[in-house]
Visitor: 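The structure under discussion is supplied below as structure tokens; questions concerning it will follow.
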Amino acid sequence: MISGAVRPPATYLDAEEILRRQFMASIIDDLVRSGYTIGVRTAQDVLASAEPGTFLGTVVAHVEAHGERLAEQFTSTFPNPNAPGMMQLREWARQDVGEDGTPAPGPIHAIYRAVRENDAEISDLHRRLKDVTEALPALKATAESAVATDDDKNAYRSARATKYLIQQTLADLTTGTPWINALERRGLLPNYTLLDDRVELDVHRAWVDPESGEFKRDKPLTLPRGASRALTEFAPGATFYAHGMAMRVDGIELNPEGADVQEHVICGTCSYSVALHATQARPATCPRCGDPHIIDTDQRFSVVRLKRVFSELRDDSAQIDDASDERIRLRFEQLTTADFDPQNVQRMWSVGSAGLGVTHYRRLPMRWYNLGRSGHAGEKRLLSGREVGAEQFRVCGACGKLDEDSGANSPREHRAWCPHRKALTEDHVKELVLCRDLVTQGVAIEVPAHLLGEEAGAASLSASLLLGLRELLGGAPRHLRVEMVTHPAPGYAGEAAPALLIHDTVPGGTGYLTELATPQRLWSLMRASAELLEECACVGEGRLACHRCLLPYQAPGTKVSRGVGLRILRALLEADDAASVKELPDAPLWDVDLAALASTHESPLETQFREAFEARVSTLGMVTRTAVPEGTELQVSGLGPDLWNLRPQVSMDIVRPDFVLSGAGRRVAVFTDGYAYHASSSHNRLADDAEKRQALLDQGYSVIAVTAEDLAGPDAPQWAADMVGRSMMAAGGTGITLNALAEHRDGALGLLEAFMREPDSAPRRQFADHLGIALMLAPGSGWRHTTAACDDTVDLFDVAARLAQGEADLQLGGGAQSVSMFHRPHLAAVVRYNADMKPVSIVLALDDAEDAVADATFKEAWAEWLRLSNVLTFADCQVSISTTSLVAKQRKTSRPAPATAARSDLLASEWEGLEIEYVDPAVVALVPPLSQTDVPRPEVGLEVAGGATVELAWPQQRVAVVYADMPSDEVAEIERDGWVVIRAGENPNKVVETIRFHVLDAKE
């Protein structure tokens, strides 16, 4: 006996496609009742034409004359004729001829389409039959020659078998199929098995007769498979097991003229994709999320819709025996896309406090792509918000057989009759992506990124929703699927977020999701699922999940957890921590807003960083999580004497960092940078990244970049090795410690932890100032170093850009100043020293030209640029982070610091008499250099919001300078009153420039 429950599949007959096919059958019934005699018998009779006088032509005329009446009559037989599905059917029935006289989407259009598809398939088979027949005489002559090889003989037999199979298929499509079955196959009449399109595998098997030693062939075999499973099971290179054989799929049936191949464009930010017609222009921007990079080459693919594949078995090795219990299974890179057109939104609502957003799409075009084998050296591309490998399928453009050796052509890579069997080049090879598509209905559910980002979070929530659907439907939800997609944010151009998509697998949808998308129904689903998870017997069995809860709904290759699923559902239901789900009422407690969820989206990398940061600091101190409008804020205590806050998506006038870490009077802007979305050929945002970071540096922020490598386990840079630190310390004059270098060996997370422990570390600042020495001393770091003399007229930006672009041995003309120049492929750093050999300024430049970014070594140069930027953010000397394109446009990213030669203890005349005797010493030090600039005279000791007193103030511009250790709550209150607050610090140059930036900008 098998323990468990057997549940029937849930059914729902209000399916758009089923209704359309039933309606077509009712039209034919009405035609017959009116006295018409059906004279067709076979597929050839019925699908040959839809011209007047033919059977289908008569059906077209009947629809033109009576379609609207027939639709009203048909829908009136249902309990609710005004249900959405019925109303849509009546609208469909009225769409017969467009304004230009051509058939519009409707029953007439469906008839003409069926005739065209049938004609195209038969024409293609005749073309293939002609090619094979013409090749047979030469193949026969070669096979019967005295020097014939086994391959020659097998090629002849294979061609004969192919000819036989084509003839059988043609007979089946013409005279061998009854007319009703033919119309069912073309989607005009119902057969109630329309959950998936069909893909066919043609199998040819040759074997050696053990008695005679002769080659023989089995009768060709055709195996059907639903398109959803065939996308991987029938992919070229896959092995399919049936009839006691292991059948390797050798290729795809293709039209050699390319009629089967279509160009598709896939957005890198959201889940939008589009199939382009021959004369259709590529979109300049994504119509759903606004991403301008959709036009890039990396977003385009040659795609074939999988219909028929073939397998040529050459010997008895195809027979399954006891030699191995393991089956050959290839893994493929798959991608799901959906066109979330706002015109198709039927309902939209959100619960801001739970971070829940729901959008119901009455019509949702979807596609599933197979991009090729996973884990291979395919090019990485950013598609639908994630980086995926795209090896693609290399096949012969004439015969469709898989090409497995990209270096040379071989007869084995072609079918017996292929004209390219003995070609000397591989010009005939095409790189293709496989696809299937479906127009259905769907509900996109956005939830907080930190919930989906939990280990097994997305998979557990998907399985939990399917479990709840089973309870609500009273049977297995066979017609519904849950998938991860990237949903564009309505009203937030260029933004998209991970979401769960519940969609129908029935073409056109069943209509069930219309009800599911209501707050009451979704609440009931989540509550039912949470209650089952809360009470499941596996709670006390020490198992992540079991057959009674989530395991039946576990997606292949994923991990599910009952505890994780329950925790996410409780958060979405906003259940009290101590309360049981059973205590929740039947009616939703949500405060529902009939609008889209406010933009609080985290990218997957942002989620990974926040979770890794929280995991790291929680072992050292106490972490409190608080929901804020922008996401989740973390408050950290116990890591040093100060309280720290990590807040997401802090909006500023010039930029919005992914996070801002603040505490101890210091602010660090954190950017999570993914290579594919920032530094690849398809998404080159380097100049914009450099400008934003430099603007923050000029405002007194420290800036830290975090990459995926930082979170996965960073490689320690050689310039941060202990050996380098000891050499620097032995030389003296730098003031560094070994700990100052160790901070950078642990990646960005280690640097942030060290900063929180000791925010004002002098050795950290000294190491940043003397980074050039570390680059010089690092063995095998790849950096080349030269020195030169120059004067004030030399533009360090230009020098750095030229070095990054590959120029060497630059002559700077001599002078009283010394410059150290460091360069490696695509990256350069230039350090200017004063007469005492103290660093005055440092410029770091990355070559962001198109050819540089496309180079194989560029990714490491980009990563080093970010690592060095993280070091230099703490420097006391002037720092500029740039790219070659910015230099070329003469857009220097930092304003000139006040010239040191102009500073003195004497105030400019308009600043004389400024009463600064009782001002903080660090603020007093700012006054002489400020007076030499174009900043107007400030007020001293001004009392502002809440009775707080600031050291210097420019009331008209609302800019204030306070002492470095002013409590954060006092600073926050001043800022709430509309002031820009600047703390005095140990780097007067940087503080002076920050004051200039705000006072002069406000003045303008």
Side-chain angles (χ1 to χ4, degrees), residues 450 605-626 628 630-650 657-673 693 696-697 699-707 710-711 713-714 716-717 720 736-768 866-867 869-876 964-972 981 983-987 990:
H450 69 271
L605 187 56
E606 289 168 13
T607 301
Q608 292 172 33
F609 163 72
R610 182 176 44 73
E611 292 177 347
F613 177 87
E614 180 178 0
R616 185 172 188 127
V617 299
S618 63
T619 63
L620 309 168
M622 180 179 294
V623 180
T624 303
R625 304 171 72 178
T626 304
V628 294
E630 299 80 12
T632 301
E633 180 177 344
L634 302 181
Q635 189 175 77
V636 183
S637 59
L639 192 63
D642 300 294
L643 184 68
W644 294 89
N645 287 282
L646 183 74
R647 189 178 182 92
Q649 304 297 322
V650 179
D658 297 322
F659 299 90
V660 170
L661 178 67
S662 59
R666 303 290 295 273
R667 294 173 296 181
V668 179
V670 179
F671 291 89
T672 55
D673 288 350
R693 284 160 169 75
L696 288 170
L697 288 173
Q699 291 187 60
Y701 279 79
S702 299
V703 180
I704 298 294
V706 180
T707 65
D710 283 310
L711 305 179
I736 71 158
T737 63
L738 292 180
N739 284 339
L741 279 74
E743 296 174 358
H744 297 282
R745 293 200 294 270
D746 200 12
L749 284 174
L751 181 59
L752 286 170
E753 178 192 328
F755 174 78
M756 294 167 68
R757 290 181 180 277
E758 192 176 0
D760 297 313
S761 167
R764 183 184 304 124
R765 300 197 306 274
Q766 289 298 311
F767 178 64
L866 295 180
R867 286 191 291 262
S869 299
N870 288 352
V871 177
L872 294 174
T873 193
F874 299 107
D876 284 331
D965 297 324
M966 174 177 272
S968 298
D969 57 344
E970 292 186 26
V971 171
V981 181
R983 294 180 185 269
E986 296 186 18
N987 186 345
K990 190 174 289 187

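No experiment lies behind these values; they were computed from the predicted model shown.
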Visitor: Would you confirm whether N870, through its side chain, and A705, through its main-chain N or O, come within 3.5 Å as a donor-acceptor pair?
Guide: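 A pair under 3.5 Å: yes.
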Visitor: Establish, yes or no, whether a centroid distance under 6.0 Å links the rings of F874 and F755.
Guide: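 Judged by ring-centre distance (under 6.0 Å), F874 and F755 do meet the cut-off.
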Visitor: Kindly indicate, with the supporting measurements, whether the criterion side-chain contact (heavy atoms from CB on, under 4.5 Å) is fulfilled by L749 and V706.
Guide: CA-CA 8 Å; L749 284 174; V706 180; 5.6 Å; no
Visitor: Do V636 and L646 come close enough that some side-chain heavy atom pair is under 4.5 Å?
Guide: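 They are not in side-chain contact.
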Visitor: Minimum heavy-atom separation for L643 and S637, please, with both atom names.
Guide: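 Distance-wise, the nearest heavy atoms are CD1-CB, 3.7 Å.
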Visitor: Using every non-hydrogen atom in the two residues, find where L872 and A768 come nearest and quote the distance to one decimal.
Guide: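 Closest approach of L872 to A768, heavy atoms only: CD2-O, 3.5 Å.
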Visitor: Give the table of side-chain donor-acceptor pairs shorter than 3.5 Å for residues 662-669, with sequence neighbours excluded, one pair per line with atom names and distance.
Guide:
residue : atom : partner : partner atom : Å
R666    : NH1  : P759    : O            : 3.0
R666    : NH1  : D760    : OD1          : 2.4
R667    : NH1  : Y701    : OH           : 3.1

Visitor: Indicate yes or no for a side-chain donor-acceptor contact from R983 to the backbone of V971 under 3.5 Å, with no hydrogens or angles considered.
Guide: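 Pair absent, no side-chain N/O of R983 close to backbone of V971.
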Visitor: Hey, are the side chains of M756 and L620 touching, using non-hydrogen atoms and a 4.5 Å cut-off?
Guide: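 No, side chains not in contact.
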Visitor: Quick one: does L696's side chain get under 4.5 Å of F671's, heavy atoms only?
Guide: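 Yes, close enough: below the 4.5 Å cut-off.
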Visitor: Apply side-chain contact (heavy atoms from CB on, under 4.5 Å) to E743 and F767, showing your working.
Guide: CA-CA 11 Å; E743 296 174 358; F767 178 64; over 6 Å; no
Visitor: Keeping the roles fixed (side chain from D658, backbone from E606), state whether a donor-acceptor pair exists under 3.5 Å.
Guide: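 Side chain of D658 to backbone of E606: no pair is present.
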Visitor: Determine whether W644 and L634 make a side-chain contact, defined as any pair of heavy atoms from C-beta on separated by less than 4.5 Å.
Guide: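 W644 vs L634: side chains apart.
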Visitor: Rounded to the nearest 0.5 Å, how far apart are CD of E614 and OG1 of T619?
Guide: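 Output value for this atom pair is 11.0 Å.
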Visitor: With rounding to the nearest 0.5 angstrom, report the CZ to OG distance, R867 to S869.
Guide: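 Here the rounded value is 11.0 Å.
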Visitor: Checking R745 side chain against A720 main chain: does a donor-acceptor pair fall under 3.5 Å?
Guide: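 Present.
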Visitor: Quick one: pull up CD1 in I704 and CG in L751 and give me the separation to the nearest 0.5 Å.
Guide: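 Going from the CD1 atom of I704 to the CG atom of L751 covers 4.5 Å.
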Visitor: Can F659 and L752 be said to form a side-chain contact (heavy atoms from CB on, under 4.5 Å), step by step?
Guide: CA-CA 12 Å; F659 299 90; L752 286 170; over 6 Å; no
Visitor: Compare every heavy atom of A612 with every heavy atom of L711, then report the nearest pair and how far apart it is.
Guide: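 Between these two residues, the closest heavy atoms are CD2-CB, 4.0 Å.
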Visitor: Taking the basic N atoms (NZ, or NE/NH1/NH2) and the acidic carboxylate oxygens, is any pair closer than 4.0 Å for E753 and R757?
Guide: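 Between R757 and E753 there is a salt bridge, with a charged N closer than 4.0 Å to a carboxylate O.
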Visitor: Given the rule in the side-chain contact (heavy atoms from CB on, under 4.5 Å) test, do N739 and E758 qualify, once you have shown the distances and angles that lead to the verdict?
Guide: CA-CA 11 Å; N739 284 339; E758 192 176 0; over 6 Å; no
